[in-house]
Amino acid sequence: MGGRIGEINAIFPRLDKKILLDKLFQASLEETPTKESKPEKGAQPEKKSSASLSSSTPLASSDQYSGKEVVESTITIDDFAKVELRAAQILSAERIEGADKLLKLMVDLGTETRQILAGIAKYYSPENLVGKKIVIVANLQPRKMRGLESNGMLLAASVGDEGRPILATFLEDVPNGAKLK
């Protein structure tokens, strides 16, 4: 009795949120084509899978995310509970005449369709957004911009020196209108 057993390892190790979010941002960057990264003629398109998220290579280089941003203020859990985050699918996207940064998005929230104006036109083309599942703030007070009303706000990370937006999306299928907690 009282013999020694081998080393004990966790079956389900704790996830580090920062590392996981960095991996998600990197995966999103890899899936979003940019003007600079056009494939050469005859080149085979690169296939991406969720398996690439488990690689052990560094995910955020210093030019993408410095890690130096500090949380400037805190809120209570009650404050956060007031924000209603929901899954939405982009039904249509179009540029707004006279606005170089804004796109007009029509999104499906499951029970309703809403118009949201988003300042992402510099980084996303409308045709590449249609069908994407995104996260929106559903209970934001409506706001008029360029004569149009925005009824919500999409969530995106701000990456790099110029604050390139990376849309918050899902790795798995989520029903439109699902609440995020």
Side-chain angles (χ1 to χ4, degrees), residues 10 12-32 34 50 53-54 56-90 93 96 99-124 128-129 132-172 174-181:
F12 299 106
R14 184 176 296 255
L15 292 176
D16 184 329
K17 288 181 184 179
K18 182 180 181 324
I19 292 172
L20 183 60
L21 288 174
D22 286 345
K23 287 180 182 181
L24 291 173
F25 292 147
Q26 182 65 27
S28 178
L29 283 173
E30 291 172 0
E31 291 177 7
T32 306
T34 61
S50 59
L53 291 178
S54 63
S56 61
T57 58
L59 293 172
S61 66
S62 61
D63 63 324
Q64 294 173 347
Y65 176 71
S66 67
K68 294 178 184 175
E69 292 85 8
V70 176
V71 175
E72 294 188 18
S73 65
T74 60
I75 61 172
T76 67
I77 193 71
D78 293 330
D79 291 335
F80 179 73
K82 294 176 187 176
V83 180
E84 190 172 310
L85 301 175
R86 297 236 179 202
Q89 185 167 20
I90 300 174
I96 297 174
D100 56 343
K101 294 180 182 178
L102 285 178
L103 290 180
K104 180 173 87 170
L105 308 175
M106 296 304 293
V107 299
D108 178 5
L109 275 172
T111 58
E112 64 178 301
T113 300
R114 287 198 189 175
Q115 176 176 284
I116 294 178
L117 305 180
I120 60 173
K122 186 176 172 184
Y123 301 96
Y124 290 92
N128 289 337
L129 291 171
K132 286 207 184 284
K133 290 268 183 148
I134 59 171
V135 178
I136 69 160
V137 178
N139 62 338
L140 195 62
Q141 185 174 359
R143 180 176 177 200
K144 279 213 175 220
M145 294 182 275
R146 300 277 182 166
L148 298 170
E149 187 172 81
S150 183
N151 294 292
M153 177 186 288
L154 62 79
L155 294 186
S158 179
V159 178
D161 291 336
E162 60 182 72
R164 181 187 192 294
I166 306 296
L167 298 179
T169 62
F170 300 94
L171 293 176
E172 298 178 33
V174 177
N176 296 342
K179 277 188 172 183
L180 280 75
K181 297 181 181 184

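These numbers were taken from a predicted model, which means no experiment stands behind them.
Residue P165 comes nearest to A156 through the heavy atom pair CB-CB, 4.0 Å, listed as atom of the first residue, atom of the second, then distance. Summarising the geometry of A138 relative to R114, their closest heavy-atom pair is O-NH1, 2.6 Å, with the distance given to 0.1 Å. Heavy atoms only, all atoms of each residue included: L109 and A87 are closest at CD2-O, 3.7 Å. Scanning both residues, R86 and G177, for their nearest heavy atoms gives NH1-O, 2.7 Å.
Note: T169 OG1 to K133 NZ = 11.5 Å, rounded to the nearest 0.5 Å. The CG atom of L117 sits 10.5 Å away from atom CE of M153, with the distance rounded to the nearest 0.5 Å. Going from atom CG of L105 over to atom CD of Q89 covers 12.5 Å, rounded to the nearest 0.5 Å. Within the model, atoms CD of E112 and CG of N176 stand 11.5 Å from one another, a figure rounded to the nearest 0.5 Å. With rounding to the nearest 0.5 Å, the separation of OH in Y124 from CZ in R164 is 5.0 Å. Residue L148 holds its CG atom at 13.5 Å from CD1 of I116, rounded to the nearest 0.5 Å.
Between E84 and the choices I136, N139, V137, the side-chain contact (heavy atoms from CB on, under 4.5 Å) rule is met once, by N139.
For the pair F170 and V135, the minimum side-chain heavy-atom distance is below 4.5 Å. Residues I96 and L103 have side chains not in contact (no heavy-atom distance under 4.5 Å, counting atoms from C-beta outward).
For T76, the side-chain contact (heavy atoms from CB on, under 4.5 Å) partners at least two apart in sequence or on another chain are D78, D79.
Annotation: M106, atom CE; neighbour count of heavy atoms from other residues, nucleotides and ligands within 6.0 Å is above 12.
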inquiry  = Before you tell me yes or no, could you show the steps for L154 and I90 under side-chain contact (heavy atoms from CB on, under 4.5 Å), namely the whole-Å CA-CA distance, both residues' side-chain angles and the distance that decides it to 0.1 Å?
reply    = CA-CA 11 Å; L154 62 79; I90 300 174; 5.7 Å; no

